[in-house]
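Throughout, protein chains are lettered first and strands after them, A, B, ... in sequence-line order, and every chain is numbered starting at 1.
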Amino acid sequence: MNIFAVMKTRIDAVLGDLMTAGKLPAGLDLARVVVEPPRDASHGDISTNAAMVLAKPAGMAPKVLAELIVAHVKGVQDVTGASVAGPGFINIKLDDAVWRGALTDILKAGRSYGDSTVGGSEKVNVEYVSANPTGPMHVGHARGAVVGDALARLLAKAGFAVTKEYYINDAGGQVDNVAAALRMRYLQALGRITEADVQGALERKEIQYGGAYLIPVAEALKARDGDKWADVADAAVWIPALREFTVAYMMKLVKEDLDSLGVHHDVFTSEKGLVDSGKVDDALKFLAERDLTYTGVLEPPKGKTPDDWEPRPQLLFKATQFGDEVDRPLRKSSGAGTYFASDIAYHKDKVDRGFKNLVNIWGADHGGYVKRVQAALAALTGGEGSLDVLLCQMVRVLNNGEPVKMSKRAGTFVTLRDLIDEVGRDVVRFIMLTRKNDAPLDFDYAKVMEKSRENPVFYVHYAHARGRSVFRHAAEMFPTADLSDAGLANADLTRLNDPDELGVLRMLAAWPRLVEGAAFAHEPHRIAFYLYELASQFHALWNKGNDATELRFLQAADQSVSCARLALVRGVGLVIASGLTVFGVEPLEEMR
RNA sequence: GCGCCCGUAGCUCAAUUGGAUAGAGCAUCUGACUACGAAUCAGAAGGCUGGAGGUUCGAGUCCUUCCGGGCGCGCCA
């Protein structure tokens, strides 16, 4: 239950009554009325801008209107006080019982506290990773994987029906290039050529991929087919065969990598599958029937004409009708379909499967591609569909501030495996979520393993582990007490009345609202900051007991107050667990 | 040259999506442990939110325009 949403409906009802009674003009739009926690806790428990937003349409001075509303809000359930502040804010004080009630809710709901129905089971498609099956996954993929996975979990928690997808780019020239490189490694595995030959071909740019990671692929091919392909000269024969082999092999590796991160997709869609099944042609036909394609010649890019520029006619999509800067090619001048054409078919496929809300997680280097896909989606859905693209900025991998570049496996970049081997899965996941997706992220091996307040992973885990530690002591101190969640839900929570205890309760009660806000904004990183703040408040409360022993959670002579406080500690633990679950991270029982 | 993203304390970042006196951590200074785990906590100090205009009750947030940084820029994927 989101207390702020509940209060919003109650305040809306008050405003409605005032309209009915003729004290306010009828038909005021309440959409802009917001009920939120005030930034400064001294302003009360909740605050609303109703008077300021409605002043103009109601033809009243904000403060006068605020006084009117305050007079009526005072009678609302759970409200113990209300006052006007500043330019017309209405600050409302709620009965402490509301916050204690939230704790009861937490103990009953467990980790699922914060689950919401605001998503209304609406279908959402989250597409992420979609790394080309051309080599090992690297840090950039890892960030996209974690952000996408956390967003999917977050949306599910907020009540959306989420499908997690991976688009396999297995149809274009890149995979052919890998096939060509694989052939070299394959010949090497058969002893036909040497490592020097491979490196030479790389330097002469005869092949674009040559990493050592292809060696086991070549060995696997040799193990399966022997020297079957060694003397096949016709590229039209060996390229498709080797491409298919390498795509299958690489996708297996990708899935293993994702599995080691705890990331699992529901749907894998193959670009080649779309082409082969005729869905690309269907999509182009769909656009043509709506007069959204034509054969034309594109202008050269302004200010930077390529040397070999020459105008050529090709099939174009009228992207400019949907907000893009130029019309975009659907077919190459050779007549072959472009990657964009496949992508249109893919997004049409998503729409045909019933999705109107699409989210794609891409690397920042694809920023220039966003508008055209959004244009395509608008064309495909008549403006009904929405596509939000989250562009993930670079991850800089450091060790004590020094850039880490070399990878044991890939040679030039840090792989996902390197990260997990170095610091562990949960740390990777958490750290990747400590920044907005559009901000660059520094990932420092030394810092993320540090046991200090500087390191958010540690700090949050420590808060949880400390809470569990209290329970271990409590079990010895009160051997007959029922310390289960159900038992604690029956504790006398009115024993919680220290201002800091109530402060933590308020923070816990804000969790459902935070989940909803983060889900709608597609910003999973908000969870990380919330958890850090909650951990901070919990550590502060703990330490108050150092000086004031009567504030310690466990009071041997007073089981009643101890159980109330244990309920609070448990509530903190459950909300931390609830948040970590969104991240796919397990809370820790202890950290010794 | 054009498009997208970004610019907040010395450093790394928040800011309830347009709300009140812009908040944390690090670094600096001062304090709290024979311990419900001090791996923590309390306090001090630190700001013309890159600059200039505009929109309105109200702007770090929206608009315009400069400055600075990142990414991208015909048929690659």
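- Nucleic acid contact for A:Pro62: none, since no nucleic acid atom lies under 4.0 Å from a heavy atom of the residue.
- Considering only the side chain of A:Tyr462, B:A38 comes nearest among B:A38, B:G74, B:C4.
- Taking the six-membered ring for Trp and the full ring otherwise, A:Tyr459 and A:Tyr532 have centroids separated by under 6.0 Å.
- A:Val53 comes within 4.0 angstrom of a base, heavy atoms only.
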*Both distances under 3.5 Å, Watson-Crick or G-U wobble: on that basis, could you give the dot-bracket string for RNA chain B, with [ ] for crossing pairs and | for other-strand partners?*
(((((((..((((.....[...)))).(((((.......))))).....(((((..]....))))))))))))....
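- In the interface, the side chain of A:Asn91 is paired with the base of B:A20 through a donor and an acceptor atom under 3.5 Å apart.
- Considering only side-chain atoms of A:Pro87, the nucleotide from B:U40, B:C57, B:U17 that sits closest is B:C57.
- The side chain of A:Arg32 has B:G58 as its nearest neighbour among B:G58, B:C75, B:G60.
- Rounded to a whole angstrom, the distance from the P atom of B:C62 to that of B:U49 is 16 Å.
- Using a 4.0 Å heavy-atom criterion, one finds that A:Phe4 contacts no nucleic acid atom at all.
- One distance of note links CD of A:Gln537 with CE of A:Met507; it measures 5.5 Å at 0.5 Å rounding.
- Toward the 5′ end of RNA chain B lies the nearest nucleotide of A:Asp442, the other residue of the pair A:Asn546 and A:Asp442 mapping further downstream.
- Picking from B:C36, B:C76, B:A77 the nucleotide with the shortest atom distance to the side chain of A:His366 gives B:A77.
- The aromatic ring centroids of A:His464 and A:His461 lie 6.0 Å or more from each other.
- Ring orientation note: the planes of A:Tyr369 and A:Phe340 are nearly perpendicular, at an angle over 60° on the 30°/60° scale.
- In terms of polar N and O atoms assigned as donor or acceptor, the side chain of A:Thr134 never comes within less than 3.5 Å of the base of B:A77 in a complementary pairing.
- For A:Ile344 and B:C75, the CD1 to C1' distance is 14 Å, given to the nearest whole Å.
- Toward the 5' end of RNA chain B, the nearer of the two residues A:Ser452 and A:Glu523, judged by each one's closest nucleotide, is A:Glu523.
- Within 3.5 Å, a donor on the side chain of A:Ser333 pairs with an acceptor on the base of B:C75, or the reverse.
- A side chain to side chain contact (heavy atoms under 4.5 Å, CB included) with A:Asn360 holds for exactly one of A:Glu165, A:Glu127, A:Gln374, A:His366; it is A:Glu127.
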